[in-house]
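Each remark here refers to the structure printed beneath this line.
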2 protein chains.
Amino acid sequence: MALDRKDLAILAELTTNARASHTELANKVGLSSTALARRQKALEDEGFIQAYQAALDLAQFGLTTTVLVRIALESQSDEALKAFEAEVVKCPSVVRCFLMSGTDDYILIVLARDIQDFERIHRTELSRLPRVARVQSSFALREVVNRAVPTVVFSEAKR
Amino acid sequence: MALDRKDLAILAELTTNARASHTELANKVGLSSTALARRQKALEDEGFIQAYQAALDLAQFGLTTTVLVRIALESQSDEALKAFEAEVVKCPSVVRCFLMSGTDDYILIVLARDIQDFERIHRTELSRLPRVARVQSSFALREVVNRAVPTVVFSEAKR
DNA sequence: CCAGGATGCGTGTCGGTGTGCCCAAGGAGA
DNA sequence: TCTCCTTGGGCACACCGACACGCATCCTGG
């Protein structure tokens, strides 16, 4: 299914205003509410829109510290990977975990209240992960870019 | 402002169903629609809820490849950082950029269609960034965890 | 015992949403 | 060239539901 620029405009708007009504969106995109409703439903049915979700201000919850954690395992056997992954998904402070190519096996993004809190997370969550050989942490001093969707998605205007 | 577990339940639900109605939420949380509306509005007004946004399935757009890029600058002068950051925010394929402590100055998360596409991005976006001394890329083989909100937020039950 | 905050119910109004229908444009085929 | 068909858009309408109020009630803490 090919998306034209009106579809992209709808998506761009919904990534900002997920609760916008049909008429509201229709005005911004330049369609009638009927046509917009059809397109929006199609975008949902075809899976372009996965969900509508509220974005929380994590700083309001005290989570102001982002830490990138590199983890190397003792072995890269299938069993070791499975054991590690089964546990890492349970870590409450981990928001992202990538299995990486290269020397580091996994890279995690961890959110903490501050450096002391990260020490606690390191002790109670990370150090309990199985099969870990080495853990290396780097603190993010600042977040320069934080986008849910790369802007390249909305600039691919077809039709 | 202290959040009780009903507030957290509301937030947890809204991070999944941002378009849920008051009555729908009220049933799940165990409140009347009136009480729920008041609480939800308070959560919005106090900034706990930043926005309601549609989550797009980036795989549907062909963006199946995640790359972590480490960038070291020629100098860490304030001017060099500013110049770099002013340009990196314009890169259409970059979704995240952290200023880091440690040896690497910046870590970017880049989304590409595939490895060939990343070569293009490297050529047209990354290599044009100013003051860059070294670029090192690692490909994510798999995404083990991807959460917008750490689960620790919802488990902090007070009151 | 009292006061304040939060809850729940009921109600009315407003708006969103879905449907049926018609219209316009474009393409295919005879 | 004419016609048929498809695709997408817009209009009108009706219905259901969401949302916002007012008020009574409850619970808790002082």
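Labels below follow one simple rule: chain letters A, B, ... track the order of the sequence lines, proteins then strands, and each chain is numbered from 1.
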Side chain of [X] (C-beta onward), nearest among [options]:
| X | options | result |
| --- | --- | --- |
| A/Leu31 | D/dG10, D/dG22, C/dT7 | D/dG10 |
| A/Ser21 | C/dT17, D/dA18, D/dG9 | C/dT17 |
| A/His22 | C/dG18, D/dC19, D/dG9 | C/dG18 |

Can you tell me the distance, in whole Å, between the [atom1] atom of [X] and the [atom2] atom of [N]?
| X | N | atom1 | atom2 | result |
| --- | --- | --- | --- | --- |
| B/Lys6 | D/dC27 | NZ | C1' | 12 Å |
| B/Arg19 | C/dG16 | CZ | C1' | 10 Å |
| B/Asn27 | D/dG17 | CG | C1' | 14 Å |
| A/Leu36 | C/dT19 | CG | C1' | 16 Å |
| A/Lys41 | D/dG8 | NZ | P | 15 Å |
| B/Leu25 | C/dT7 | CG | C1' | 17 Å |
| B/Asp4 | C/dA6 | CG | P | 10 Å |
| B/Gln40 | D/dA20 | CD | C1' | 14 Å |

> Just checking, is any N or O donor in the side chain of B/Thr15 or A/Gln53 under 3.5 Å from an acceptor N or O on the other one?
Replying inline: no

> Do A/Arg39 and D/dG8 have a side chain to base donor-acceptor pair shorter than 3.5 Å?
Replying inline: no

> So does B/Arg120 pair up with B/Asp114, basic N to acidic O under 4.0 Å?
Replying inline: no

> Is it true that B/Glu87 and B/Arg128 make a salt bridge, defined as a side-chain N closer than 4.0 Å to a carboxylate O?
Replying inline: no

> Touch check for B/Thr23, heavy atoms < 4.0 angstrom, all strands: base, sugar-phosphate only, or nothing?
Replying inline: sugar-phosphate

> Checking all strands, does B/Ala35 fall into the base, sugar-phosphate, or nothing category for heavy-atom contacts under 4.0 angstrom?
Replying inline: sugar-phosphate

>> Between B/Ser32 and C/dC9, is there a contact of a side-chain N or O with OP1 or OP2 at under 4.0 Å?
In response: no

> Are any of A/Thr34's side-chain N or O atoms less than 4.0 Å away from OP1 or OP2 of D/dG10?
Replying inline: no

> Is there a side-chain contact between A/Phe84 and A/Leu73, using heavy atoms and a 4.5 Å cut-off?
Replying inline: yes

> Short question: side chain of B/Thr23, backbone of B/Ser33 - any donor-acceptor pair under 3.5 Å?
Replying inline: no

> On DNA chain C, nearest-nucleotide positions of A/Glu24 versus A/Arg38: which is more 5'?
Replying inline: A/Glu24

